[in-house]
Amino acid sequence: MQGGGDGVFRMIRYSDFNYSYGAVCALRSLNLEIGKNELFTVMGPTGSGKTTMLRCLNRLNDVVPSGRHSGSLYLDGVDVYDPRVDVTVLRRRVGMVFALPAVLPTSIFENVAYGPRRAGERSKAALSETVERSLTAAALWEEVKDRLGERAETLSGGQQQRLALARVLALGPDVILLDEPTSGLDPISTLRIEDLLRELSRQYTIVLATHNPQQAARVGSRVGFLMLGELVEVAEAGDMFTRPRDPRTEAFVSGRLG
Amino acid sequence: MGGAGHETVARAREPARRDIGMLKRTDRIAFWVFAAATAVALSFLVFIISFVFVRGIPRVTWSFLTERPRDMGRAGGILPSIVGTIALTGLALLIGTPLGVATAVYLTEYTREGMSSRVIRFGAESLAGVPSIIFGLFGFLFFVIFLGFGWSILSGGLTLALMILPTIIRTSEEAIRAVPREYREISLSLGASRWQTVVHVVLPAALPGVITGVMLSLGRAVGETAAVIFTAGSSLRLPGSIMDPVRTLPVHFYVLAREGISMANAYGTATVLLATVLLIEIAANILIARFSGHAGRG
Amino acid sequence: MSYRKEGSPFWRTTVSSGRVRSQGRTANERVVERVLFCCALTAVSALALITAFIFAEGMPELGRTGPARFVFGTTWSPSRGMFGVLPMIAGSVAVTLAALLMGVPVAVACAVFLAEMAPPRAGVLLKALVELLSAVPSVVYGFVGLTTLVPLIREWTGAPGFSVLAASVVLAIMVMPTITSVSYESLKAVPGSYRDGVAALGGTRWQAIRMVVLPAARSGIVAGIILGIGRCLGETMAVLMVAGNAPVIPTSLLSPVRTLTSGIALEMGYASGRHREALFGTAVVLFAMIAALNLLTRYVASKGAVFGGRRRPRDGSAGA
C-alpha cells in the first residue's frame, strides 16, 4: 500500500511524473503526495501546469492527441495509467469541477443525475434520493428544491458551481478536483464555495487549483506552488505566505509575478 | 506584416483628400446600384411564386389533393404523387439521416484530422458536386438493374439518400462542432463513455442544427426530378409497397407540362410542389435563426 | 451509496455492485467506433461506386468510337450510329458562360448589398428570401421559363425562342442564390476592423468595400462562382425545357442548344444498345468535367487559405 510508515494514508502520489504536449513540457519530474481527506491547493500563474496536473489524475487529458506522460501517478495505490484501468470507473472516483460555465444544458435535476444515469442507474427513486442528498451536501438543496426541473443555466454563477459539486458528489467519489472553480464569481459566492470545500474535506480528498494566492492562503491546509511545470515549493499555507523558501514563491505571493 | 491592409488603407486615404462631395455621391450611387441588384433577385422570386400560384391555386381543391388521377392526369387529382413523394423522400431521410449524422459524429468525435478523415471528407465533398442526373443514371444502373430493385420507391429512395448525404454530413458536422467543448469534458469527467457523451450531450445540443440540415435536404429531395425519373419510375398508381414504382410531384408536373396533357392540372401540381418546398425552406430558416440566437450562450 | 465498483475499484474486470454496469464498456466503445467508421465510409464508397458504374457502362462506346472522335466529333446521330458529343460540350459551356456573365454580377452585388449595406436585420431577412430561390425545384424554373421567357424571346427576335439565351437566363436565376449565399458568408468573414480602418482615415463605405472588403473576400467569392459553374453544368430539367435541344454547336445566343445533361435526359427513356452506351459515354464526359471543376475548387481553396493567412494583418487592426 502507499500508506507508508508515517501513519498518513496517501491518496494521490505523483512520482517523477512528466507530461508534455508535443514538444512543450507542461509538467516536469513532479513528486508530490496528497493524503486522504486532505484539502490541497495548487497555486501558480496561468500556464504553470495546474490544469494538466489535475487532468492527469482523472485522465481527462487522454483526449489531447499530442499529450504524453512518463513516470507514475498513483491513486489509492493504483497507477492511473495502468492499461487495465477503466477510465470511466476512474472518473467516477475522481470528480472534477471546472471553471464557469460548468453546467450541462439540461435541468438542475438531470445535471446531478447525469453521472449515476451513465453508470447505469435506472431507478427513479434512487436517483431522486441521490440528487437530494448530493444537493444537500453541496448546500444547494434549499435554494433549488422547488425548481429541480428548471434549466441549470438559470442559476447564478455561485449556484452553478455548487451544482457542479453536487454533480460530482452524486457519484460518491474519493477525490474531488477543482480547476479555478471561483474564477468569474463574486467575492461572497467565492467565500461560500471555499467554506463548502473545507466542510467537504472531512470526507473527501480535495485538490484545488487556483491562480490566486489569496485564495490559497484562505483555503489550503497545504499549498503547492507550481511554475512553468515545476513544483517549486510545498508548504503549510501559513509558512508559504510568511516564510517562502524560494524567491519565485515570494515573488508570486507578493503579487510581483503572474 | 499586414502589408496589404496598410497599402489599401493608404490608397483609400488619397482620394479622401480631394472631393468629399463627389465621394459621398459615389457612395450613394453604389448603394442604389447594389440595392437594385438585390431587388432584381427578389423580383424573380416574387415573379416565379406569383406566376405559379395565381394559375395554380384555383385548381388546388380538397378533391385535387385526395383523388386519383383519371385519363393520364387530364382529370382527377394527384393523390398517388403526393403519397409517392412522401414515401420516397421519407425513405431517403430515413436512410440518409442516420448515415450522415454517424459520419459527422465519426469525423468530429472519433477521429483526428488524418488520412481517414481526409478520405471521408473528400468523398462527401465530391459527392456534393455530382449532378443529379448522374445520380439518376447510377441509381438506374445500380439499384434498378444491378440489385434488381426495379423502378421503385426503394431504388428512388436510396438514390435520393446518397444525394442528400453530403448536405446532412456538412450541416451536422457544423452543428456538432459548435457544441462547446466544456459540455464534453463535463460529461467525460462524470464517467460517461465517449459514446454516452455523444448520445446524451453532444447530439441533443447539436439537434437544432442537425434538423435544419435534414430539412434543407428534404426540400431538395422533394423537388428533385432528374435523379427520380430514372429510378422511381413514372407510375400513376397508388403504391402498395416500397417495391412499387411511383411518380413524384415534380415528375408528374413535368410530364403534364411537357406533354401538354393538362395545363390546369400542371399548375395545380406545381403549386402544391412549390408551396411544400417553400414551407420546408422557411421552417428551416426559422430554425436557423432560433439556433444562432441561442448560440450566444456559450 | 456510490456509483463505483468496490474492492480494487477501477479495474475493468472487477465484478460490479449490482446496479453498476461498466463491464465490457471499452469493448462496446470499439464496436461503436467500427460501426461509425463504416457509416462514414458510405459517402466515399458511393462516390467510388458511381464512378465505377458510370465508367463501366460508358467506356465501351468511348473505346469503340475512339475517345478523341467521341469527345470532338461534331455529329450526334444515333440512327446513323454516329456519336460525337462536341455539340453538347459546346452547348454546356455556352449556357454556363452566358449564365455566369449575367448571374455573377447580380449575385455578387446582391451579396455586397446584403452583407455590407443593408441594415443588419433586413440583410438577414432578405438573404433568407434570396435563398428561397434555391428551394424552387428546377422543373418549376424550366416551366416558368418555357411559358414566359421563350415566347418573349420569340416575340422580340422572331427566332424560335428555345435558345442559349433562354437557357442561360434561367440558369443565371437558378445559380444566383448559391453564389450570393457563399459570397455573403465570405464577406461576413472579413474582420470589422478592416472597415473601421478605412472609416478612421475618412474613407467612405464604398471605398472600404471596393478597396478592402471585396479583395479580402475574393477567394470566397471565387469559390461561390465555381460552385455556380458546377450547378450550371449539372442542371438538367430546367435547361431541357427551354434550350431547344438541337445537337448542333450553337453559333449565336438565339441558337437552340443541347447540353450534356439534357442530351442524356432526353434520349435515356428510349435508348438501347449502343445508343444507351453512348449516353453513358456522355455521362462520363460530364463526370470528368465536374471532377476537373472539383480539383479546381480544391486548388482555389488551398490558395485562398494561403492568401487569407498573408492578407490578415497580425495586429488585426488593418493598420488603422
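Quantities reported herein were computed from a predicted structural model and do not represent experimental measurements. A note on names: the letters A, B, ... follow the listed sequences, proteins ahead of strands, and every chain is numbered from 1.
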Give the member of [options] that has the highest number of heavy-atom pairs under 4.5 Å with chain B.
{"options": "C/Pro177, C/Gly234, C/Ser138, C/Ala109", "result": "C/Ala109"}
{"options": "C/Val106, C/Leu133, C/Leu227", "result": "C/Leu133"}
{"options": "C/Leu146, C/Leu114, C/Thr147", "result": "C/Thr147"}
{"options": "C/Glu131, C/Arg205, C/Met176", "result": "C/Arg205"}
{"options": "C/Val44, C/Ile50, C/Thr236", "result": "C/Ile50"}
{"options": "C/Val140, C/Leu286, C/Leu233, C/Ile173", "result": "C/Ile173"}

Looking only at heavy atoms, what is the nearest atom pair of [X] and [Y], with distance?
{"X": "B/Thr38", "Y": "C/Cys110", "value": "OG1-CA, 3.7 Å"}
{"X": "B/Ser116", "Y": "C/Phe37", "value": "CB-CE1, 4.2 Å"}
{"X": "B/Thr103", "Y": "C/Ala40", "value": "OG1-CA, 3.3 Å"}
{"X": "B/Leu127", "Y": "C/Ala43", "value": "CD2-O, 3.9 Å"}
{"X": "B/Leu274", "Y": "C/Pro137", "value": "CD1-CD, 3.9 Å"}
{"X": "C/Leu240", "Y": "B/Arg258", "value": "O-NH1, 4.1 Å"}

Less than 4.5 Å apart, any side-chain heavy atom of [X] and any of [Y]?
{"X": "B/Phe34", "Y": "C/Glu116", "answer": "no"}
{"X": "B/Leu278", "Y": "C/Leu132", "answer": "yes"}
{"X": "C/Arg34", "Y": "B/Tyr110", "answer": "no"}
{"X": "B/Val277", "Y": "C/Val136", "answer": "no"}

Separation between [atom1] of [X] and [atom2] of [Y], rounded to the nearest 0.5 Å:
{"X": "C/Asn28", "Y": "B/Trp195", "atom1": "CG", "atom2": "CH2", "value": "11.5 Å"}
{"X": "C/Leu279", "Y": "B/Ile133", "atom1": "CG", "atom2": "CD1", "value": "9.0 Å"}
{"X": "B/Phe44", "Y": "C/Tyr141", "atom1": "CZ", "atom2": "OH", "value": "9.5 Å"}
{"X": "C/Thr42", "Y": "B/Leu99", "atom1": "OG1", "atom2": "CG", "value": "4.0 Å"}
{"X": "C/Ile290", "Y": "B/Ile134", "atom1": "CD1", "atom2": "CD1", "value": "7.5 Å"}
{"X": "C/Asn294", "Y": "B/Glu125", "atom1": "CG", "atom2": "CD", "value": "8.5 Å"}

Atom group of [X] that falls short of 4.5 Å from chain C, counting heavy atoms:
{"X": "B/Ile145", "result": "side chain"}
{"X": "B/Leu162", "result": "side chain"}
{"X": "B/Leu107", "result": "neither"}
{"X": "B/Phe51", "result": "side chain"}

- Task: Using the side chain to side chain contact (heavy atoms under 4.5 Å, CB included) rule, take C/Thr204 and B/Thr26 through it: C-alpha gap first, then chi angles, then the decisive distance, then the call.
- Result: CA-CA 9 Å; C/Thr204 60; B/Thr26 320; over 6 Å; no

Tell me, for [X] versus chain B, whether the close heavy atoms (under 4.5 Å) come from the side chain, the backbone, both or neither.
{"X": "C/Met117", "value": "both"}
{"X": "C/Thr261", "value": "both"}
{"X": "C/Thr297", "value": "neither"}
{"X": "C/Glu33", "value": "both"}

- Message: Pair C/Leu36, B/Thr111 - check side chain to side chain contact (heavy atoms under 4.5 Å, CB included), show working.
- Response: CA-CA 10 Å; C/Leu36 288 173; B/Thr111 186; over 6 Å; no

- Query: Are B/Phe31 and C/Phe113 close enough that their ring centres sit under 6.0 Å apart?
  - Reply: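 Under 6.0 Å, so yes.
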
Against chain C, work out which of [options] has the most heavy-atom pairs shorter than 4.5 Å and name it.
{"options": "B/Val105, B/Val52, B/Leu273", "value": "B/Leu273"}
{"options": "B/Ile120, B/Asn285, B/Leu141, B/Leu165", "value": "B/Leu141"}
{"options": "B/Ala257, B/Ala124, B/Ser126", "value": "B/Ser126"}
{"options": "B/Phe140, B/Tyr267, B/Phe135", "value": "B/Tyr267"}

- Message: For C/Met237 and B/Ser132: C-alpha separation, side-chain torsions, deciding distance, then whether side chain to side chain contact (heavy atoms under 4.5 Å, CB included) applies.
- Response: CA-CA 10 Å; C/Met237 303 315 284; B/Ser132 56; over 6 Å; no

- Message: Just checking B/Trp151: does its CH2 atom have more than 12 heavy atoms from other residues, nucleotides or ligands closer to it than 6.0 angstrom?
- Response: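 No, CH2 of B/Trp151 has 12 or fewer neighbouring heavy atoms, counting only those of other groups under 6.0 Å.
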
- Message: Please evaluate residues C/Glu57 and B/Phe138 with respect to the criterion side chain to side chain contact (heavy atoms under 4.5 Å, CB included), reporting the C-alpha separation (whole Å), side-chain torsions for both, the decisive distance (0.1 Å), and the verdict.
- Response: CA-CA 10 Å; C/Glu57 200 72 10; B/Phe138 166 73; over 6 Å; no

